[in-house]
Each structure stands twice: as structure tokens, then as C-alpha cells.
Amino acid sequence: MNAGLMIPLLVYLAVMIGLGLWLGRRRSEGGFVQDYFLGSRSMGGFVLAMTMVATYASASSFIGGPGAAYRMGLGWVLLAMIQVPTVWLTLGVLGKQFAHIARRVNALTINDMLQARYQSPLVVLLAGLGLLAAFVATMVVQFIGGARLLETVTGLSYQSGLMLFAGAVLLYTLVGGFRAVVVTDAVQGILMLLGTVVLLAGVLQAGGGAATMFAELKAIDPGLVQPQGPDGFLSMSFMLSFWVLVCFGVIGLPHSAVRCLAYKDSAAMHRGIIIGTLVGAVLMFGMHFAGALGRVLVPELTVPDKVMPTLMLTVLPPLVAGLFLAGPMAAIMSTIDSQLIQAAATLVKDLYLNHLCKTQPAPAVIKRASKLVTLTLGLIVLWAALSPPEMIIWLNLMAFGALQAIFFWPLVLGLYWWRGNSTGALASMLTGAISYSLLLHFGIKPLGLHAIVPSLALSGLAYVVGSLLTPPPSPEVRTLFGR
Amino acid sequence: MTSIVSVARREALLSVLLALLYLAAWAACAWLVPPALTLAGWPLWFLLSCLFNPLLFIVLCALMVRWCFRAVNLEASS
């Protein structure tokens with residue numbers, strides 16, 4: 001075990017828990033549910049930007065992505081840069097309309113929005129189940145990433161790394177709720193940024209400058225410095241699929257979308273777009289570029305997911321490495337905490353309070369139940385992460401796609417097409433979920449495209465056809481959504 | 001009421017258009033530049049598509065938000 005590394009890491013975990021405790025203490029207006037699940041709509045621009053980026057930049061961008069770049073070279077960096085427009089797309093497309101309507105119907109979660117728009121318990125139920133399944137899968141990925149990081153760096157076993165990591169995340173999420181989640185996101189976003197810049201500088205210095213390293217990459221395999229990657233793996237249709245999966249499709253991710261409900265005013269949103277885009281681009285570029293160049297410095301890795309922590313240990317002095325390991329760690333923690341809080345919100349608020357219980361339980365009961373549900377979900381995910389696969393990026397992308405196949409059209413067309421109704425939404429969600437899992441399960445790739453592209457096309461078609469075949473939505477919905 | 005809806009619509013459209021423009025520029029830099037060309041040791045396609053292009057679009061995005069996005073009162077009921 002390496003004390004020079006462990007001390008900064010443990011201090012960092014302790015600070016995050018402390019922050020959660022402190023933020024959990026001071027809450028007042030709006031009541032527990034509004035506060036625990038949404039932080040009373042008080043986010044400013046900087047925090048909004050950081051929480052968007054931190055939520056989105058997960059274990060797959062910090063552990064899995066660089067791992068893939070290590071194997072595929074500069075072509076994978078090109079692929080990663082597809083994600084530059086995500087922040088302006090998500091906030092620009094959903095942002096204002098979402099925030100405005102959410103305030104009028106007092107919506108706290110995505111499912112509240114779906115209920116207001118489609119007025120159908122069945123839509124909410126289906127959305128809730130889809131959300132839970134996909135979130136459990138992505139949270140497992142995050143836990144694996146965090147544990148891999150601790151394992152590589154500290155020499156702890158994978159299992160104890162997992163316990164330490166999961167313990168810290170669960171504790172501050174439980175205590176602080178949504179507000180703790182966004183504030184720790186902001187702190188973690190800054191650390192991610194610093195960590196990325198320092199690591200990239202360290203890698204470039206250790207390798208003797210970019211030009212030398214490009215030449216060495218070319219000597220290993222000319223494919224590493226070409227946009228097509230080794231053996232032409234990164235084909236045109238593969239890249240185009242990623243345009244749908246990690247750029248346009250991101251609009252349909254519920255844990256990003258919920259951030260559109262929670263910001264303070266439109267100035268916060270405008271600032272959030274600019275800062276978020278800038279920070280996101282720097283992070284994506286820095287991490288993947290470092291991973292690709294890492295092939296020169298540490299050519300013999302068997303588990304590509306370990307490239308990031310290994311590089312940090314190789315190029316940085318131990319104390320600095322420990323501090324900046326917090327960067328990828330932060331990325332992972334900040335994704336998991338927001339998914340955890342949203343999964344709990346789905347179970348407690350959307351499914352239980354809104355649909356299952358006859359009489360509203362006492363506030364103290366709701367409070368205890370919310371925390372209990374958060375804890376239980378965390379423990380389930382922890383249990384599932386105990387036996388990890390080798391490259392987590394594929395697992396993550398799979399869950400990503402499933403969420404998009406279910407939520408994309410009901411969210412986007414729900415906001416911008418007045419004629420859509422609950423039949424359309426139901427048809428779209430079912431078609432998306434079923435076609436996505438069938439295509440993925442049988443490994444069918446029409447025209448070489450990833451399963452997400454045909455599934456989104458089919459679910460969009462189902463939405464339109466389903467809506468047009470049944471009566472238009474009620475007048476209240478039409479006035480609410482501006483028609 | 002209609003005003004906030006139309007503002008949101010216009011901004012959503014602008015965001016999508018900018019993203020499509022980014023896609024076009026990204027693809028052009030990556031696939032049209034011959035992979036053998038280099039500049040100061042950097043592969044030219046990489047320099048253009050992964051450094052220059054994102055920087056350009058961050059600036060364009062900031063300009064779009066500054067000049068085209070309108071501040072609205074989210075609490076307003078009509």
C-alpha cells in the first residue's frame with residue numbers, strides 16, 4: 001500500500017462526506033421532498049454547467065474511454081470529440097420549455113413531466129421501470145470504474161476498493177440529497193478539470209513532446225494515428241452511430257434532463273451552456289488524448305481500463321497523483337450520486353407517493369423511506385459490481401442506449417409536438433425498449449449501425465403513428481404546452 | 001405564454017442546427033484531409049478535427065447564446 005497516495009485520497013473522500021453532512025443540515029423552504037430530490041430549484045449557472053458535465057462525464061469517459069483510446073489510438077479521440085455539442089444540445093433543446101412547464105405543474109422529476117404531458121399512469125409506470133433497470137446497469141459500471149481505480153493505485157484488493165468507494169458515495173448522497181449532489185458535482189468538476197490538464201501535461205512531458213509521441217505511435221501501428229483506427233475498426237457507420245448515441249441521443253437521458261428542472265433562471269441556463277460546453281470539451285479531449293498517448297509510455301497493459309490510473313502513477317509524483325486521482329474519482333462519484341438520487345425519486349415519489357398510496361404518509365415517514373430506498377438501491381448495485389467485466393465501456397454504452405430508446409421521443413416530441421398523446425408515448429417506449437434489446441441481444445447490425453439508430457427510428461415512427469391513430473390530447477394539456 | 005414557447009422553439013432549433021454544423025465540420029476535417037499530412041509532427045486531420053474545430057464551435061456556441069438566446073421569466077404563468 002502506498003501512503004503518499006492513500007492520504008490525499010482519503011482526505012478527499014472525507015471532505016466530500018463532510019460537505020454532504022453540512023449541506024444536509026441546512027434545508028428549510030419547500031419541504032423535504034422538493035429539497036431532497038431537487039434542491040429547491042436554486043442552481044446557478046456555474047453549478048449547472050459543472051453538474052451537467054460531471055454527471056455526463058462518467059466512468060466511461062475517465063476509465064473506459066481512455067482505455068478504448070489506448071487500444072484504438074487517435075481515432076478514438078476523434079470519436080470522443082463527438083460529445084462537444086451535448087451540453088448546448090441538452091440545455092438548448094429541453095432547457096427553457098422544461099423549466100417553464102415544470103414550474104407551472106410543480107414537477108420534480110422526469111416522470112412528473114411525463115404525467116403532466118400524457119396524463120397516463122401507465123406511461124409513468126413504464127418510464128419508472130425502464131429508468132430503474134438502466135440506472136442500476138450504469139451505476140454498476142460506475143462502481144466498477146471506481147474500484148478499478150483504487151485497486152490499481154493503492155494496491156488494495158478490488159473488493160475492498162469497491163467497499164471504500166461505495167461507502168463514501170452512499171454516505172454523502174444519503175445525508176445531503178440533491179443539493180449535496182450538485183454541490184459536490186461542482187467541486188468534483190473543478191477537480192476533474194485540473195486533473196485532466198495536469199495529467200496531459202505530465203504525459204506530454206514524459207513522452208518528450210507530442211511530435212515524438214505521434215512518431216512512436218505510428219511505429220507501433222500506423223492505424224493508431226489514422227481516423228479509421230487499427231484494422232479500420234472505426235468505420236464511417238460506426239462513427240455515425242456514435243453521433244446518435246453520445247450526441248443527439250443524450251437529449252433523451254433522464255438524469256441530464258432532470259437538471260433542466262432545477263436551475264434558477266434563464267441567465268443561469270445561458271451561462272451554464274457556455275461554461276459546460278467549454279469544460280466538457282477540455283475534459284473529453286484531455287482524457288482521451290492522454291489515453292491514446294499512453295500507449296507509448298505503458299505499452300504492455302492487459303486490462304485497458306487501467307490505463308488512466310497507471311499513467312497517473314507513471315508520470316506524476318505520488319502526492320500529486322493522489323490528489324488528482326480525485327479527478328476521475330470525482331467523475332465517477334458525481335454520476336453515481338445523481339443516478340442514485342433519481343432512482344430513489346422514481347421509486348418514492350413517482351411510483352409510491354403518486355400512484356400507490358391512498359393517504360399521504362407523514363413527512364417523517366417519507367423522509368425515512370426516501371433514505372432507506374436510496375440505501376437499498378446502493379447496496380443492490382454494490383452487490384452487482386462484485387464481479388466485473390474487463391472493459392466497462394460497452395456495458396455503459398448499452399445502458400445509455402436503452403435509456404435513449406425509451407425516453408428520447410416521449411421527451412422531445414412531448415415538448416415540441418402538441419399532437420402527441422399517451423398512446424404514442426406508450427407505443428414509442430415499448431417499441432424502443434423491445435427493438436433495442438432484440439437488436440442488441442441477437443447482435444443484428446443493419447448497415448453496420450449500432451442498435452440505437454434503428455431503435456430510435458422505429459420508436460419515433462411508433463410515436464407518430466400511435467398518436468395520429470388516436471384522439472389528440474385534452475385541451476388542458478394543449479394550453480399547458482402552448483397550443 | 002406563446003412567447004416563451006416560441007422563444008424555446010427558436011432556441012432549440014438553433015441548438016440543433018449548430019450541432020449539425022459541428023457534425024459537418026468534424027466529418028470534413030477527419031475524412032477529407034489526407035491522413036499522411038502533418039504539421040509540426042501532428043497529423044493534420046487530428047489537429048483540425050480535435051483541436052481547431054472544437055475551439056471554433058465553443059466560440060460559436062458562446063456567440064449563439066449571447067446574441068440569439070433571450071432571457072425570459074420562467075415563473076410567468078402567461
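In what follows, chains are A, B, ... by sequence order, proteins preceding strands, each numbered from 1.
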Item to check | CZ (B/Arg70) with more than 12 external heavy atoms under 6.0 Å | outcome: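 Open: at most 12 neighbouring heavy atoms sit under 6.0 Å from CZ of B/Arg70.
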As an exercise, state the distance from [atom1] of [X] to [atom2] of [Y], rounded to the nearest 0.5 Å.
| X | Y | atom1 | atom2 | answer |
| --- | --- | --- | --- | --- |
| A/Leu79 | B/Cys50 | CG | SG | 9.5 Å |
| A/Gln97 | B/Ser6 | CD | OG | 9.5 Å |
| A/Met239 | B/Leu23 | CE | CG | 11.5 Å |
| B/Leu60 | A/Thr277 | CG | OG1 | 11.5 Å |
| A/Leu278 | B/Ile58 | CG | CD1 | 5.0 Å |
| A/His270 | B/Arg66 | NE2 | CZ | 10.5 Å |

Which bit of [X] is near chain B, if near means a heavy-atom gap under 4.5 Å: side chain, backbone, both or neither?
| X | answer |
| --- | --- |
| A/Met213 | neither |
| A/Ile101 | neither |
| A/Ala267 | neither |
| A/Phe289 | side chain |
| A/Tyr416 | both |

Checklist entry - In terms of the angle between their ring planes, are A/Trp88 and B/Phe57 parallel, tilted or perpendicular, with boundaries placed at 30° and 60°? => result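 Plane angle under 30°, so parallel.
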Item to check | Proximity breakdown for B/Leu14 and chain A, heavy-atom pairs closer than 4.5 Å | outcome: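 Neither the backbone nor the side chain of B/Leu14 comes within 4.5 Å of chain A.
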Is any side-chain heavy atom of [X] closer than 4.5 Å to a side-chain heavy atom of [Y]?
| X | Y | answer |
| --- | --- | --- |
| B/Phe69 | A/Ile273 | yes |
| A/Leu78 | B/Phe46 | no |
| B/Pro54 | A/Phe285 | no |
| B/Trp45 | A/Leu74 | yes |
| B/Leu20 | A/Trp243 | no |

Item to check | Shortest non-hydrogen separation from B/Ala8 to A/Lys96 and the atoms involved | outcome: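 So the minimum-distance heavy-atom pair works out to CB-CB, 4.2 Å.
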Checklist outcome for this item: Looking only at heavy atoms, the pair that brings B/Ala19 and A/Pro85 closest together is CB-CB, 4.0 Å
Checklist entry - If you count heavy-atom pairs under 4.5 Å between each of B/Asn53, B/Leu13, B/Val16, B/Leu18 and chain A, which one has the most? => result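 So the answer, after comparing B/Asn53, B/Leu13, B/Val16, B/Leu18, is B/Leu18.
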Item to check | Option that, when pairs with chain A are counted at under 4.5 Å, heavy atom only, ranks first among B/Ser49, B/Ala71, B/Ala12, B/Ala30 | outcome: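 Going by pairs under 4.5 Å, I would pick B/Ala12.
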